[in-house]
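I have placed the structure first, in the form of structure tokens, so that the comments after it can refer back to it.
A note on names: the letters A, B, ... follow the listed sequences, proteins ahead of strands, and every chain is numbered from 1.
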Amino acid sequence: MSDLLHKKNQKFYYLLIVPAFGLYMFALIIPLALGTIPSSFQKWSLLEQDKTFIGFDNYIKLFSDATFLHSLVFTIVLALFTILGTNIISFFVALLLDNKVYGKSITRSFFFIPNIISGVIVAFVWSFIFTGAIPTIADKLGMIWLAELSWFGSGGTAAFTVILVSIWQATGFLMILYIAGLQTIPKDVVEAAQLDGCTGFRKVRLIYIPLLMPTFTINLFVSIAGAFKAFDIPLALTGGGPFKSTQTVALNIYNDAFKTYQTGYASAKSVILLLIVAVIAIIQLRVTRKREVQY
Amino acid sequence: MKLLKKRKTLLWTRSIMSFLLGVLFMMPVFLIIMNSFKPNKEILASFISLPKSLYIDNFVEALKIMNFNIVFRNTILVTVFTVLLTCVVSFLCAYGLTHIKKKFSDKIYLLFVLGQIIPFHTVMISVAVLAAKTHLNNSLLGLVIFNSGFFTAFGVMTYVGFLKSVPRELEESAALDGCGPARTMIQIIFPLLKSTTVTLAVLFFLWTWNDYLLPSILIGEEKLRTITVNLYVFKSATNAQWNLLIAGLTVSMLPVILVYIVAQKFITSGLTAGAIKS
């Protein structure tokens with residue numbers, strides 16, 4: 001019956017696919033397959049019409065490009081600190097808010113709202129904190145060195161600001177995932193452990209952490225993939241400076257493409273970024289799938 | 001009795017502690033909102049003191065200088081049409097995919113899944129070139145079309161996931177009652193996916209409203225700017241007028257925060273679903 005019904009209307013069902021598929025091909029697949037990938041093998045500037053095929057020259061050039069390599073290193077450093085920071089903070093906040101607590105939803109919102117605000121706005125909010133609020137508070141506390149610290153003046157402090165703000169923005173999202181994970185832990189397991197005298201930090205280490213392993217893996221890969229796409233916050237907070245020290249890979253590509261118009265070369269960098277993110281995503285899919293089997 | 005009292009105290013301590021931690025975490029946002037009600041002099045004098053009076057001239061001037069009426073109109077137009085278009089085409093496509101030959105639909109579905117992996121930064125150059133060729137640059141329609149194109153992959157995946165759990169018998173009995181395929185889809189099945197649609201709509205709203213990169217690449221004309229681009233340009237152009245930028249930031253954050261408060265449940269469920277699927 002069902003088959004017959006569907007055969008009769010097959011044309012209708014195929015037609016339904018067309019609009020979404022068309023938009024998707026137009027916006028993403030065609031630019032990638034007919035734009036980015038071929039251009040990565042060309043010597044081409046956005047300002048000129050002529051493109052010349054140069055094979056892998058752009059890719060070879062990448063490996064001796066100090067600015068690009070530095071952006072790659074900075075992206076990895078940013079990823080490491082952000083992953084550690086967000087996961088540790090959001091895990092403990094989730095533990096706190098998984099308990100019975102008054103005003104739970106308001107408190108959760110406080111942690112979550114930074115996550116829904118645009119990265120550019122988040123960066124501007126924090127640039128006021130670094131240049132306005134922190135000096136004022138440091139002044140009142142008599143900490144002259146802190147009041148006079150130029151946050152965006154040196155590579156180290158600028159990197160610190162990017163890392164801190166990235167952690168601040170991403171924490172709420174991971175917190176939600178941890179809370180969701182904590183809710184899957186059976187209550188009787190926790191109670192039994194408590195009766196056996198397992199409380200406090202021991203309870204976290206011996207009960208929560210092992211049972212939350214699936215959530216840890218998801219959060220880890222979510223934060224890794226997110227870190228490799230970092231763009232808005234470094235752009236609006238430090239502009240990648242000083243001296244390109246806080247330039248991420250995405251920002252490096254953007255500058256090459258739209259500031260110096262090295263279209264072909266920036267495309268080669270794009271392909272490398274795509275490969276990095278794809279490898280991470282494939283690992284993530286595998287891990288997530290393994291997790292599904294466990295249930 | 002004593003134990004009960006002790007528990008109650010513990011609960012209160014824990015509640016107050018976590019609330020204060022939350023307030024501390026949100027402090028940057030609170031400080032911006034607070035300072036938007038202070039004149040420039042007062043801001044420069046002390047960033048952390050409470051406003052002496054509710055001063056609203058910042059807003060009046062910021063709304064005027066940053067052309068917020070035009071900017072808001074542009075952002076709302078782009079966001080509303082992106083959300084509508086993406087939800088509609090994603091639902092239609094997902095419905096189609098779950099009703100055609102499995103061999104073929106699996107292939108299309110896989111292509112959508114692969115698209116989820118592609119970061120926008122890796123196609124932004126080609127998108128800029130393509131937009132210029134098709135005259136979709138400097139147009140709000142262009143933003144809607146490209147946004148929808150990027151978001152459909154996620155929309156289709158989410159709808160397919162939920163459509164699989166809808167029993168086929170529903171459609172069969174509708175057909176027996178004389179309901180055509182289009183009517184079955186719109187009147188019987190679509191209403192069942194209401195919460196999925198709301199979740200997706202809220203996510204598409206946030207992604208579009210907050211976006212900086214695509215509008216900064218596609219839009220050059222000042223009167224077509226969207227909120228984040230407008231703030232970015234204003235900040236780079238005038239570094240000194242803090243009071244105006246702070247008022248602008250407050251005004252730009254409020255719609256998103258309001259949407260969050262209204263749709264809290266859907267946002268969190270949508271984000272967790274998205275994280276686990278993508």
**Message:** Before you tell me yes or no, could you show the steps for B:F190 and B:M185 under side-chain contact (heavy atoms from CB on, under 4.5 Å), namely the whole-Å CA-CA distance, both residues' side-chain angles and the distance that decides it to 0.1 Å?
**Reply:** CA-CA 6 Å; B:F190 186 68; B:M185 177 179 76; 5.9 Å; no
**Message:** So for A:L97, is it side chain, backbone, both, or neither that comes closer than 4.5 Å to the heavy atoms of chain B?
**Reply:** side chain
**Asked** So which part of A:I253 gets closer than 4.5 Å to some heavy atom of chain B, the side chain, the backbone, both or neither?
**Response** both
**Message:** Below 4.5 Å, heavy-atom pairs only: which of B:I108, B:L249, B:I227 has the largest tally toward chain A?
**Reply:** B:L249
**Message:** So which residue, B:I217, B:D211, B:V156, ends up with the most heavy-atom pairs under 4.5 Å with chain A?
**Reply:** B:I217
**Prompt:** Contact part of A:L273 toward chain B, heavy-atom cut-off under 4.5 Å: side chain, backbone, both or neither?
**Reply:** both
**Request:** Measure A:S105 against the heavy atoms of chain B and call it side chain, backbone, both or neither at under 4.5 Å.
**Result:** both
**chain B contact via A:F128 - side chain, backbone, both or neither, heavy atoms under 4.5 Å** = both
**Asked** In terms of heavy-atom pairs under 4.5 Å with chain A, which of B:V113, B:I48, B:N147 leads?
**Response** B:I48
**Message:** Heavy-atom pairs under 4.5 Å with chain B - which of A:D232, A:N99, A:L96, A:I89 has more of them than the others?
**Reply:** A:N99
**Request:** Taking atom types as modelled, find out whether B:T75 and B:T226 have a side-chain donor-acceptor pair closer than 3.5 angstrom.
**Result:** no
**Prompt:** Do you know which of B:W209, B:Y95, B:F104, B:W12 has the most heavy-atom pairs under 4.5 Å to chain A?
**Reply:** B:W12
**Request:** Give the member of A:W168, A:Y254, A:F231, A:F221 that has the highest number of heavy-atom pairs under 4.5 Å with chain B.
**Result:** A:W168
**Message:** For A:S267, which atoms come within 4.5 Å of any heavy atom of chain B: side chain, backbone, both, or neither?
**Reply:** both
**Fill in**
Honestly, the part of A:V277 sitting under 4.5 Å from a heavy atom of chain B is both
**Item:** Contact origin within B:F120 toward chain A - heavy atom pairs under 4.5 Å
**Value:** neither
**Prompt:** What part of A:K140 is in contact with chain B, defined as an atom under 4.5 angstrom from a non-hydrogen atom: side chain, backbone, both or neither?
**Reply:** side chain
**Request:** Scan side-chain atoms only and decide if A:K269 and A:N252 contain a donor-acceptor pair under the 3.5 Å cut-off.
**Result:** yes
**Request:** Let me see the working for A:T36 and B:S126 under side chain to side chain donor-acceptor pair (under 3.5 Å), right down to the final yes or no.
**Result:** CA-CA 6 Å; A:T36 308; B:S126 320; 2.6 Å; yes
**Item:** OG1-CG distance between A:T248 and A:L251, expressed to the nearest 0.5 angstrom
**Value:** 4.5 Å
**Request:** Could you pull out the closest heavy-atom pair between A:W44 and A:S39, with the gap in Å?
**Result:** CZ3-OG, 3.7 Å
**Prompt:** Which answer fits A:F112, side chain, backbone, both or neither, if we ask what part of it has an atom under 4.5 Å from a heavy atom of chain B?
**Reply:** side chain
**Request:** Check whether A:A20 gets within reach of chain B through its side chain, its backbone, both or neither, counting any heavy atom under 4.5 Å.
**Result:** both
**Fill in**
Checked A:G22, A:S109, A:G103 vs chain B; the most non-hydrogen pairs under 4.5 Å come from A:S109
**Request:** Over all heavy atoms of both residues, which pair between B:Y159 and B:C87 is shortest? Give the atoms and the distance, please.
**Result:** CE1-O, 3.8 Å
**Request:** Using the six-membered ring wherever Trp is involved, compare the ring planes of A:Y24 and B:F112 and label them parallel, tilted or perpendicular (cut-offs 30° and 60°).
**Result:** tilted
**Asked** Side chain, backbone, both or neither: which part of A:I106 has an atom under 4.5 Å from a heavy atom of chain B?
**Response** side chain
**Asked** Most heavy-atom pairs under 4.5 angstrom with chain B, which of A:G239, A:G132, A:G119, A:A278?
**Response** A:G132
**Item:** Pair B:H99-B:E171, side-chain donor/acceptor within less than 3.5 Å
**Value:** yes
**Request:** Counting only heavy atoms closer than 4.5 Å, note whether A:T131 contacts chain B via side chain, backbone, both or neither.
**Result:** both
**Request:** Answer with yes or no whether the side chains of B:T152 and B:T86 bring together a donor and an acceptor at under 3.5 Å.
**Result:** no
**Closest non-hydrogen atom pair, B:S18 against B:S15** = OG-O, 3.1 Å
**Item:** Interface moiety of A:F258 toward chain B, non-hydrogen atoms closer than 4.5 Å
**Value:** side chain
**Asked** Would you say the side chain of B:R168 lies within less than 4.5 Å of the side chain of B:T98, judging by non-hydrogen atoms?
**Response** yes
**Asked** Do you know which of A:I116, A:L15, A:I176 has the most heavy-atom pairs with chain B at a distance under 4.5 angstrom?
**Response** A:I116
**Message:** Within this structure, what is the CG-CG distance for the pair A:L177 and A:L182, rounded to the nearest 0.5 Å?
**Reply:** 11.0 Å
**Max heavy-atom pair count under 4.5 Å with chain B, selected residue of A:I272, A:I121, A:I280** = A:I121
**Asked** Are there more than 12 heavy atoms of other residues, nucleotides or ligands under 6.0 Å from atom CZ of A:F26?
**Response** yes
